[in-house]
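Notes follow the structure.
Each chain gets a letter, A, B and so on, in the order the sequences are listed, and its residues count up from 1.
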Number of protein chains: 2
Amino acid sequence: MEKLNIDKIARLSLVSKSVVSRVLNDHPNVSDAARSRVMSTIKKYGYKPNSTAQNLATNRSHVLGVLTDRRPNNEMSNGYWSLFNLGLFDKCRKEGYFTRFTFVDAGNLNQSNHTLFDESGTDGFILHTPEVINLIIDDLKRKEFPVVFKHQNSEYSEYSSVDINNYLGGYLATSHLIELGHKKISILWAVPEVEEARERMRGYRQAHSDNGLKVDESLIITGHYSQEFGYEAVRKLNKLNKQFSALFCTSDTIAMGALLALNEEGVDIPGEVSVVGFDDLPSSGFTFPPLTTIHQPIYEKGVRAAEILINQLEKRDTKIVHDLLEPHLVIRKSTGPVL
Amino acid sequence: MEKLNIDKIARLSLVSKSVVSRVLNDHPNVSDAARSRVMSTIKKYGYKPNSTAQNLATNRSHVLGVLTDRRPNNEMSNGYWSLFNLGLFDKCRKEGYFTRFTFVDAGNLNQSNHTLFDESGTDGFILHTPEVINLIIDDLKRKEFPVVFKHQNSEYSEYSSVDINNYLGGYLATSHLIELGHKKISILWAVPEVEEARERMRGYRQAHSDNGLKVDESLIITGHYSQEFGYEAVRKLNKLNKQFSALFCTSDTIAMGALLALNEEGVDIPGEVSVVGFDDLPSSGFTFPPLTTIHQPIYEKGVRAAEILINQLEKRDTKIVHDLLEPHLVIRKSTGPVL
DNA sequence: TTGTACGCGTTATCAA
DNA sequence: TTGATAACGCGTACAA
C-alpha cells in the first residue's frame with residue numbers, strides 16, 4: 001500500500017498537481033476533461049488530501065479550542081457540560097470543524113500562559129468558564145485570536161458571548177412560587193463571584209419586590225453547585241428551625257440534594273415544601289417528585305457559541321454579539337400551592 | 001508583532017536552525033553555549049514551534065481519534081460519557097496528546113467510510129461503541145491504524161480492548177439481593193445484542209444457579225438504557241401483577257426510572273422492593289432512596305484506553321491486551337432484607 | 001558540535 | 001486552462 005499524495009494523483013491523471021489542487025478546492029478554471037480524469041482517479045484510489053499539509057499551507061486548522069477549568073469529575077459529569085459540548089460538536093461537524101479541549105487547573109495556576117493554548121493548531125477559542133479568563137485573555141488579545149465567551153461577562157464586552165438570561169430565569173422561578181402563594185422562599189445559590197449567579201439572585205429579588213414581598217435575608221444560603229450543598233443546606237435550615245414553604249435552588253444538582261434531605265425527613269413535596277430547580281438537566285424529570293425547574297437551552301448555547309466563532313473565522317459575520325437565550329419554566333411535580 | 005519561526009530564532013541566537021531544532025527536541029550534541037543562547041531567545045520572544053509544521057515533518061499528530069455513535073442527547077449526558085472522556089483527557093494531557101471526536105449517525109450509515117476518520121490528523125483510534133465497529137474496522141485494518149476498543153468484543157480479539165468485568169458486576173448485584181433473602185428478582189436489561197449486556201445477564205443467571213434458585217423468565221424485561229424504560233418496566237410488571245421483591249437494573253438510569261415509578265405508587269423502598277443499579281453515576285448517591293449499585297470505574301476506563309493506545313503509538317508496549325477492570329458493589333439505601 | 005540541503009504534502013503566484 | 005516553482009515551518013540525514 002504505497003502512500004498517496006497529490007503528486008501521484010496528478011501523474012495518474014496526466015495533469016500537474018496544480019490542477020488536482022484546484023479540483024480538490026473547487027476552483028474555477030479547470031477543464032471538464034481534466035476535472036473528470038482527476039475525480040475518477042481520486043475515487044479509484046480512495047485518495048484524501050493530507051490535512052496537516054493543508055493546514056500548513058493555508059495557516060488554518062479548522063479546529064476550535066475550548067478552554068475550560070478542570071473541575072472535579074462529579075461537577076463535570078452532571079449533564080450540563082456534555083450537553084453544551086454536544087451542541088458544539090454538532091455545529092462543528094456541520095461546518096467542517098473539530099474541537100480541541102484544553103483544561104486549566106484553576107487551583108494550580110502556575111502553568112505558563114504560553115502553554116495553555118496551541119496557536120498553530122487552533123483557529124479560535126471558546127472560553128468555557130469565567131475562572132480561566134483573567135489568566136489567558138491578555139495573551140489571546142495580543143495575538144488577536146478570535147474568542148467567544150460562554151458566559152455573560154460585562155467586564156469584557158469587547159468579546160462576543162453567549163449565555164442565557166439568568167436574571168429572567170431567577171425571576172420566573174421565584175414568580176412561579178409567589179403565584180402559588182409562597183411568601184417564605186429560601187434561595188440556595190452558588191458562586192456569587194460569577195455574574196450568572198448574581199443575575200439569578202437579582203431575578204429572585206426583583207420578583208419579590210414586584211409582588212410587594214420582602215426578601216428574608218436569613219433564607220439566603222450560599223454554597224456551590226452540587227447535590228451535597230443542597231442536602232446540607234436543607235439540614236441547616238431545619239436545624240436553625242427556619243420557616244420556609246419553598247426552595248429556589250439555582251441548579252438542578254442543588255435541588256436533587258435538597259429533595260433527598262426533604263424526602264429523608266418525611267417532608268411532603270410539594271405539600272409542605274415546594275422546590276424549583278434551574279437547568280432542566282435530562283435527569284430532572286426523574287427525581288422524586290419530578291422537578292419543576294427553569295429550562296435553559298444548554299445544547300443550543302453550544303451550537304450558538306460555535307456558530308458565532310465560526311462566523312467570525314469565515315468572515316461571514318464579524319460583529320461582536322452578546323446573545324442571551326431565553327430560559328423558561330417547566331412545571332412538574334415538585335411545586336404546588338401553599339396549603 | 002512579526003511572525004516567529006525557527007529561522008528567526010536561529011538567526012537571533014547566532015546558530016543554524018538545526019541547532020534550534022535540536023534544543024527544542026532535547027537532542028544531544030548541542031554545546032552548552034549554543035543551548036543557552038537559544039533557550040534565552042526562545043524565552044525572550046515567547047517562541048513556540050508551529051505544531052502543524054512539526055506534524056507534517058514527523059508524520060505524527062499527537063491526536064487520538066475517538067469514534068462514537070451519536071446517541072440522543074439525553075443518553076450522552078447521563079454522566080457516563082463525560083466520565084469516560086475525562087479519563088481520556090487527563091491521560092492525554094499528561095502524555096502530550098489531544099483528542100478528536102468523530103460521530104457516526106448509527107441510524108444514517110450512508111456516510112462514506114473514508115470520511116469517517118482523518119488519517120493525516122490522527123495517530124490512532126478509540127472505538128467507543130460496538131455499533132460503529134463493523135462500519136469502520138476494515139478500513140482501519142487496511143491502513144494499519146492503531147485501535148483500541150472501549151468494549152469487550154470477542155469477535156475482534158486481535159485488537160486491544162478495555163472494559164469492566166460485566167459478568168462479575170451482574171453476579172455481584174444479584175448475589176447481594178439473594179443474600180438479603182430475595183427470590184423473585186426481576187432484571188431490567190438493555191441491548192442484548194451487545195456483549196456487555198449478555199455478560200451482565202450471565203452473571204444474573206449464574207448467581208441464581210449458584211444459590212439453587214431458578215430464574216423466573218417472566219421477570220426478565222428487555223429495553224434500553226434510559227429512565228423511561230425503567231419507569232415503564234415497573235408499571236408493566238405491576239399491571240401484569242407480577243410478584244417480585246427486588247429489581248436488578250443494568251444501569252443507574254434504568255434504576256432512576258424504576259425508583260420514580262415505585263415511589264409514585266407509594267411502594268416502600270427497600271421495605272417492599274429492593275432496587276440495585278449498575279454504573280454508580282455521580283448522581284446515584286442522591287436518588288431517593290440513595291441507590292445501591294455496582295460501581296464501575298468509568299473514569300479509569302478512559303485513562304486505560306488512552307494509555308494502551310499511547311503505549312502502542314510510542315512503541316512502549318505494543319502487545320494486544322484485553323483489560324477487564326473490576327466492578328464492586330456499593331451498598332446504599334435502596335436494598336434491604338426481605339420482610 | 002554545527003550547518004547545509006532536502007523532504008513532508010499542500011496551496012498560491014505567475015508566466016506560459 | 002495549465003504547470004513550474006515558491007512558500008508554509010519544521011525535522012533530519014549527511015557532510016563538514
Side-chain angles (χ1 to χ4, degrees), chain A residues 1-39 41-42 45-63 96 114 118-123 143 314, chain B residues 1-39 41-42 45-63 96 114 118-123 143 314:
Chain A
M1 179 71 118
E2 42 164 348
K3 287 267 163 63
L4 289 174
N5 60 24
I6 198 172
D7 279 307
K8 295 236 173 62
I9 298 298
R11 225 170 302 139
L12 292 165
S13 310
L14 307 174
V15 293
S16 76
K17 62 183 196 174
S18 309
V19 175
V20 178
S21 178
R22 290 191 197 103
V23 170
L24 248 25
N25 295 289
D26 281 326
H27 281 207
N29 298 335
V30 179
S31 66
D32 289 350
R35 180 185 307 278
S36 72
R37 279 210 309 283
V38 171
M39 300 271 270
T41 73
I42 284 180
Y45 293 91
Y47 164 75
K48 274 193 317 186
N50 180 306
S51 61
T52 305
Q54 288 179 315
N55 293 346
L56 182 60
T58 58
N59 194 28
R60 294 277 310 272
S61 64
H62 288 266
V63 169
H114 298 297
D118 176 16
E119 317 149 42
S120 48
T122 317
D123 290 343
K143 300 192 171 141
E314 307 275 346
Chain B
M1 178 73 115
E2 42 164 345
K3 286 269 164 62
L4 288 174
N5 60 26
I6 198 171
D7 279 308
K8 295 234 173 62
I9 298 298
R11 225 170 303 138
L12 291 164
S13 311
L14 307 173
V15 293
S16 77
K17 63 181 201 173
S18 312
V19 175
V20 178
S21 178
R22 288 192 201 103
V23 171
L24 248 25
N25 295 288
D26 281 326
H27 280 206
N29 298 335
V30 179
S31 66
D32 290 348
R35 180 185 307 277
S36 71
R37 279 210 308 284
V38 170
M39 300 271 269
T41 74
I42 284 180
Y45 293 91
Y47 166 74
K48 275 194 318 186
N50 180 306
S51 62
T52 305
Q54 287 179 315
N55 293 346
L56 182 59
T58 58
N59 194 28
R60 294 278 309 273
S61 64
H62 288 265
V63 170
H114 298 297
D118 175 16
E119 316 149 41
S120 48
T122 318
D123 290 343
K143 299 190 172 144
E314 307 276 344

Please assess B:Ser120 against A:Ser51 for the test side-chain hydrogen bond (donor to acceptor under 3.5 Å, both in side chains), listing each intermediate value before the final yes or no. CA-CA 6 Å; B:Ser120 48; A:Ser51 61; 3.0 Å; yes
Which pairs, with at least one residue in residues 52-63 of chain A and sequence neighbours excluded, count as a salt bridge (Lys or Arg N to Asp or Glu O under 4.0 Å)? A:Arg60-A:Asp123, A:Arg60-A:Glu314
In whole angstroms, how far is the [atom2] atom of [N] from the [atom1] atom of [X]?
X        : N     : atom1 : atom2 : result
A:Lys8   : C:dG7 : NZ    : C1'   : 13 Å
B:Asn59  : C:dC6 : CG    : C1'   : 17 Å
B:Leu14  : C:dG3 : CG    : C1'   : 14 Å
B:Glu119 : C:dC8 : CD    : P     : 17 Å

Side-chain heavy atoms of A:Tyr47 within contact of A:Leu24, under 4.5 Å: yes
Go through the structure and list residues passing side-chain hydrogen bond (donor to acceptor under 3.5 Å, both in side chains) with A:Ser13, not counting sequence neighbours.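 Scan of A:Ser13 (side-chain hydrogen bond (donor to acceptor under 3.5 Å, both in side chains), adjacent residues dropped) gives A:Thr41.
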Each nucleotide of nucleotides 7-16 of chain D classed B (base within 4.0 Å of a protein heavy atom), S (only sugar-phosphate) or -, in 5' to 3' order, makes -BBBBB----
Partners of [X] by side-chain contact (heavy atoms from CB on, under 4.5 Å), sequence neighbours excluded?
X       : result
A:Asp7  : A:Asn5, A:Arg11, A:Lys17
A:Ser21 : A:Ile6, A:Asn25
B:Ser36 : none
B:Ala53 : A:Leu56, B:Asn50

Between the first and last five pairs of the helix from C:dT1-D:dA16 to C:dA16-D:dT1, the angle of the axes, rounded to 10 degrees: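 End axes: 40° apart.
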